[in-house]
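Reckoned from all heavy atoms, side chains included, excluding hydrogens, waters and symmetry mates. Numbers for residues simply follow the sequence, beginning at 1.
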Amino acid sequence: MVKFAIEKKTILGRLGKIDTWGPVDVNHATPSCMTYLRAGHIPHLTWDVAENQLKLSQTPIYQMTLPSLVSNAKIIEKFGKGIAKLVGMGALESPAIHLTPFDPLGKLPGGYNDSKSIAIWTANGKVSLDVKTYRNIVNSFGCGSFETLVDYDLPRDAGHKKLLKAVDRTTTFNEQLFKQDEKIAGDRIVSLGGGFSKYHRRKCAVDIGLAENTAAYTIEFHEFVEGMKTDEKEMKELLEETFSPLPPTKLRCISGPFNPKTVLFLVQQGIDLFDSSFAIKLAEEGHAFCLADDYPTSSKYEVVDFKDQKFADDFTPVFDGCGCYTCTKYTKGYLQHLLNTKELLASILLVIHNMSEYDRMFKLIRSSLENSEGL
């Protein structure tokens with residue numbers, strides 16, 4: 001089971017500890033993030049490279065994203081030993097894995113969900129995912145936890161009728177997923193939607209968030225990720241309406257590429273667990289980021305485009321003072337060369353640095369919370 005306890009509450013957020021994830025002992029402090037996977041791997045890294053060069057501060061909780069794997073669902077079911085062994089995670093010692101039906105870096109165009117299924121998007125296009133298919137996937141993948149299905153198609157201009165229909169669909173998906181005569185393996189993390197409407201956010205939370213055997217909650221917030229126009233006041237109000245009717249001791253998760261400033265804000269709103277997709281997003285754009293020296297006292301950070309010609313003759317470390325493999329072994333000039341010649345090593349090095357820095361960010365946030373006055 002997902003066993004979580006809040007250790008301290010402050011005005012800046014809450015400190016917690018995840019003792020177990022599914023059957024795995026993790027002893028994982030929060031706020032923190034899951035390790036984002038695509039096709040069962042950290043993008044651009046082999047498991048050998050990840051294990052030897054990516055030095056994360058805690059036992060990882062892996063976020064297994066379904067869109068890159070759904071076309072092989074029948075093969076995985078026939079394999080019969082779970083997704084971890086199929087994708088080569090078997091060499092890792094008891095990996096803690098969470099299954100999500102969405103890819104936080106994938107697209108979610110509107111107009112394709114219906115009363116029987118939600119649309120997920122693969123490299124080959126749309127796949128309609130119904131409850132029965134998803135239940136079979138959850139059981140055959142054998143992850144420690146899974147997210148429930150949510151109708152996410154609620155743009156800002158959605159009217160009351162569309163909002164109500166989406167919340168009702170989400171409720172129906174949950175009821176069908178947990179039919180008494182059907183078995184489903186893993187701990188349930190209930191996905192809460194409702195779009196930009198405070199009323200429907202609260203309604204969704206009340207309708208499905210109070211169910212028995214709920215291990216944790218995840219907030220559907222794809223309209224507020226990096227690159228979207230966001231309003232902190234609006235986000236705060238939507239989260240307050242979502243959480244107010246729910247047990248305050250449950251783990252609260254959120255998925256998507258959130259920058260360090262937004263992460264700090266969301267931690268203040270009570271979010272415990274994020275994912276590392278922001279680090280991958282930047283790496284795939286040829287960018288690396290570095291936190292300000294006074295983070296999280298300030299929320300400042302720097303994003304550097306290493307494709308820039310100005311780095312061509314710069315033989316200093318990628319980031320001074322960073323102890324990651326990339327920054328201790330390579331220079332700005334070499335990274336610029338790799339990017340402009342489209343060498344695969346460029347993405348590997350950027351992923352290692354960005355994930356190391358994202359991990360360090362949460363360590364700094366936890367340290368700040370530890371030194372803050374409790375409520």
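By the neighbour-count criterion of 12 heavy atoms within 6.0 Å, atom CG of D293 is sparsely surrounded, having that number or fewer from other residues, nucleotides or ligands. Heavy-atom contacts from other residues, nucleotides or ligands closer than 6.0 Å to OH of Y112 number 12 or fewer. Atom NZ of K74 is surrounded by 12 or fewer heavy atoms from other residues, nucleotides or ligands within 6.0 Å. The number of heavy-atom neighbours closer than 6.0 Å to CG of N52, taken from other residues, nucleotides and ligands shown, is above 12.
The two atoms that bring N139 and K183 nearest to each other are ND2-O, 3.1 Å, heavy atoms only. Annotation for W21 and I97: closest pair NE1-O, 3.6 Å, computed over non-hydrogen atoms. Considering every non-hydrogen atom in both S255 and Q63, the closest pair reads OG-NE2, 3.2 Å. Taking all atoms of both residues into account, the shortest heavy-atom contact from Q336 to K307 is NE2-O, 3.6 Å. Scanning both residues, F102 and P67, for their nearest heavy atoms gives C-CD, 3.8 Å. In this structure, S32 and A29 approach most closely via the heavy-atom pair CB-O, 3.2 Å.
Remark: of the listed residues F274, F278, Y295, F274 is the sole one forming a ring pair (Phe, Tyr, Trp, His ring centres under 6.0 Å) with F362. The one candidate from V138, I83, L129 that meets the side-chain contact (heavy atoms from CB on, under 4.5 Å) condition with L66 is L129. For the pairing with Y217, the side-chain contact (heavy atoms from CB on, under 4.5 Å) check across D272, L251, V190, T242 returns one residue only, V190.
In this structure, E343 contributes its side chain and L339 its backbone to no donor-acceptor pair below 3.5 Å.
With hydrogens and angles left out, the side-chain atoms of H28 and T59 include no donor and acceptor closer than 3.5 Å. In this model, no donor atom of one side chain and acceptor atom of the other lie less than 3.5 Å apart for S115 and R169.
Between Y334 and Y330, the ring-plane angle classifies as parallel under the 30° and 60° cut-offs. Between Y358 and F289, the angle of the ring planes goes over 60°, which puts this pair in the perpendicular group of the 30/60° scheme. Using the six-membered ring where Trp is involved, F196 and F224 have ring planes that are tilted, between 30° and 60° apart. By the 30° and 60° cut-offs, the orientation of the rings of H160 relative to Y199 is tilted.
Here the two rings, on H353 and F319, have centers that are under 6.0 Å apart.
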Worked check of ring-ring contact (aromatic ring centres under 6.0 Å, His included) between W47 and H41
CA-CA 7 Å; W47 283 116; H41 291 78; 5.8 Å; yes
Test salt bridge (charged side-chain N to carboxylate O under 4.0 Å, His left out) on R156 and E234 and set out the steps.
CA-CA 12 Å; R156 185 175 291 278; E234 180 180 48; 2.7 Å; yes
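Once rounded to the nearest 0.5 Å, the distance linking CD1 of I189 with OG1 of T100 reads 9.5 Å.
We find that E284 and R38 are joined by a salt bridge, their nearest charged nitrogen and carboxylate oxygen being less than 4.0 Å apart. Ion pairing of K162 with D153 is present here, as a side-chain N (NZ or NE/NH1/NH2) and a carboxylate O approach within less than 4.0 Å. Between E232 and K236 there is no salt bridge, since no side-chain nitrogen of the basic residue lies less than 4.0 Å from a carboxylate oxygen of the acidic one. The pair K198-E237 meets the salt-bridge criterion, since a charged nitrogen lies less than 4.0 angstrom from a carboxylate oxygen. Ion pairing between a basic and an acidic side chain is recognised when a charged N comes within 4.0 Å of a carboxylate O; R366 and E370 show no such pairing.
Both cation-pi conditions hold for R252 and F243: the charged atom is under 6.0 angstrom from the six-membered ring centre and inside a 45 degree cone around its axis.
D19 pairs by the side-chain contact (heavy atoms from CB on, under 4.5 Å) definition with K3, K17, N27, not counting sequence neighbours.
A salt bridge (charged side-chain N to carboxylate O under 4.0 Å, His left out) check over residues 346-361, counting only residues at least two apart or in different chains, returns the pairs E357-R360.
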